[in-house]
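Data first, discussion second: the structure below is written as structure tokens.
What's counted below: heavy atoms across the whole structure, side chains too, no hydrogens, waters or symmetry copies. The first residue in the sequence is number 1, and the count goes up from there.
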Amino acid sequence: LATIYLDFQKFRDAIRENNRAIVGHMVRTKFNPDLKLLEKMYQYQAEAYYYLKNSEGSNYYYCLTKELNPNNKEVEKY
């Protein structure tokens, strides 16, 4: 759902739904998440905050994304 909100430029809704997805994923996996999925969710958060011109939020999720995958080039635009 978060990616649909991103596509329609509903960035606040995307952040909300992605937060729910992150928390749900962590709970479902008993805090042993699929790191590739988590990386993608963090990247989506960086993107949404970027388009809201919230550099603090964007930078926070950029750093989390890069921590999981230093080779992620896609997140660098945010």
Please determine whether residues F31 and V23 belong to a single hydrophobic cluster, defined as Ile, Leu, Val, Met, Phe, Trp and Tyr linked transitively by side-chain heavy-atom distances below 4.5 Å. no
Less than 4.5 Å apart, any side-chain heavy atom of E74 and any of E47? no
What one should report as the nearest heavy-atom pair of L38 and I22 is CD1-CG2, 4.1 Å
Kindly say whether Q43 contributes a backbone atom to a donor-acceptor pair with the side chain of T65 at under 3.5 angstrom? yes
Does D13 reach the side chain of R16, with side-chain heavy atoms less than 4.5 Å apart? yes
With a 4.5 Å limit on heavy-atom distance, are the side chains of V75 and N69 in contact? no
Value rounded to 0.5 Å, distance of NE2 in H25 from CG in D34: 5.0 Å
Would you name the heavy atoms of A14 and Q45 that are closest together and state the gap between them? O-OE1, 4.0 Å
Does any part of the side chain of Y5, heavy atoms only, come nearer than 4.5 Å to the side chain of E17, both counted from C-beta? yes
Evaluate whether atom NZ of K66 has more than 12 neighbouring non-hydrogen atoms of other residues, nucleotides or ligands under 6.0 angstrom away. yes
CG of L6 to CZ of F11, rounded to nearest 0.5 Å, is 6.5 Å
Tightest non-hydrogen contact, residues Y78 and S58, listed as O-OG, 2.7 Å
Students often mix this up, so state it plainly: with edges at 30° and 60°, are the rings of Y61 and Y42 parallel, tilted or perpendicular? tilted
Counting only heavy atoms from other residues, nucleotides and ligands, does the tally under 6.0 Å from OH of Y50 exceed 12? no
So does M41 get a backbone contact from the side chain of N18, meaning a donor-acceptor N/O pair under 3.5 Å? yes
State the CD-CG distance between Q9 and L52, to the nearest 0.5 angstrom. 10.5 Å
Heavy-atom neighbours of E76 CD exceed 12 at 6.0 Å: yes
L68 with M26, same ILVMFWY side-chain cluster at under 4.5 Å: yes
When rounded to the nearest 0.5 Å, the distance separating CG of L1 from NZ of K10 is 11.0 Å
